[in-house]
Amino acid sequence: DAKTTQPPSMDCAEGRAANLPCNHSTISGNEYVYWYRQIHSQGPQYIIHGLKNNETNEMASLIITEDRKSSTLILPHATLRDTAVYYCIVRAGGTSYGKLTFGQGTILTVHP
Amino acid sequence: DGGITQSPKYLFRKEGQNVTLSCEQNLNHDAMYWYRQDPGQGLRLIYYSQIVNDFQKGDIAEGYSVSREKKESFPLTVTSAQKNPTAFYLCASRTSGAADTQYFGPGTRLTVL
């Protein structure tokens, strides 16, 4: 799995968009970008994933650069409940093993 | 959390006792996983199962055992051989396909007294 780099922490005002960056310059052609988050003392929550096209679901949008070396997770209207650690993971899909490796992630703090 | 349940949420155990953590899923997923998380640390894989009646050791299987008799269930037993069992335990199941995705349960926090 390709290595990812995320800022250790970010702040965001409630109601504003939160833009969380992730660098993955060694990503391979068959590797997907996944985003998870973990709120304190809870299990990780899947947010979104993509291969090369931008993706949007009810939780967030994922913007992947054309060269696929970086991506941005966008929470369009952050709330206090979005305070969590956000993990960007790059891995090939459909592998038989399937282990997820979480890095240090970005601690997002949403303040009033 | 999706359709994955773990019980109990909190568990206390005396040293030398075995304890079993429950994990059930109604997502019809073939693959299931057990991870361990220590404070401020990432997830470490204990065991995984890709299909009923089959399971494989992960990175830190020593002191743990599992079974997979039903598709929906993947219980984890923490044995007395596990030297440092106090941790947050997470169960996950995985979709199949090219963009497979893992979904996690709420976790069980085990404390050894």
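Below, all heavy atoms of this structure are taken into account, side chains as well, without hydrogens, waters or symmetry copies. So you know, we letter chains A, B, ... as the sequences are listed, proteins then strands, and number each from 1.
- Environment of NE2 in A:His77: sparse, with no more than 12 heavy atoms of neighbouring residues, nucleotides or ligands closer than 6.0 Å.
- Residues B:Leu110 and B:Ile4 do not share a hydrophobic cluster, clusters being chains of Ile/Leu/Val/Met/Phe/Trp/Tyr side chains in contact below 4.5 Å.
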Check: residues 69-76 of chain A side-chain donor-acceptor pairs under 3.5 Å, at least two apart:
unit_1  : atom_1 : unit_2  : atom_2 : d
A:Ser71 : OG     : A:His24 : NE2    : 2.9

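- If you measure heavy-atom distances from B:Ser96 to chain A, you find no contacts under 4.5 Å at all.
- Neither the backbone nor the side chain of B:Gln56 comes within contact range of chain A; no heavy atom of the residue lies under 4.5 Å from a heavy atom of that chain.
- Counting all heavy atoms, side chain and backbone alike, A:Tyr36 lies closest to B:Thr101 at OH-CG2, 3.7 Å.
- Linking ILVMFWY residues whenever their side-chain heavy atoms come closer than 4.5 Å, directly or via other members, leaves B:Val52 and B:Tyr33 in distinct clusters.
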**Study point:** Criterion side-chain contact (heavy atoms from CB on, under 4.5 Å) on A:His49 and B:Asp100, from CA distance to verdict
**Key:** CA-CA 10 Å; A:His49 72 275; B:Asp100 58 301; over 6 Å; no
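- When every heavy atom of B:Gly40 is checked against every heavy atom of A:Gln104, the shortest pair comes out as O-OE1, 4.4 Å.
- Linking ILVMFWY residues whenever their side-chain heavy atoms come closer than 4.5 Å, directly or via other members, leaves A:Leu100 and B:Met32 in distinct clusters.
- Applying a 4.5 Å heavy-atom cutoff, the residues of residues 74-90 of chain B that approach chain A are B:Phe88, B:Leu90.
- Residue B:Arg44: no heavy atom, backbone or side chain, is found under 4.5 Å from chain A.
- Distance check: B:Phe104 CZ to A:Gln42 CD gives 13.5 Å after rounding to the nearest 0.5 Å.
- A:Ile39 and B:Tyr35 are members of different hydrophobic clusters when ILVMFWY side chains are connected at heavy-atom separations under 4.5 Å.
- A pairwise comparison of heavy atoms in B:Lys9 and A:Ser41 identifies NZ-O, 4.4 Å as the closest pair.
- In terms of heavy atoms, B:Leu43 sits closest to A:Phe102 at CD2-CE1, 4.0 Å.
- Atom CG of B:Leu11 sits in a crowded spot, with more than 12 heavy atoms from other residues, nucleotides or ligands closer than 6.0 Å.
- Tracing side-chain contacts under 4.5 Å through hydrophobic residues (I, L, V, M, F, W, Y), one reaches A:Ile64 starting from A:Tyr86; they form part of the same cluster.
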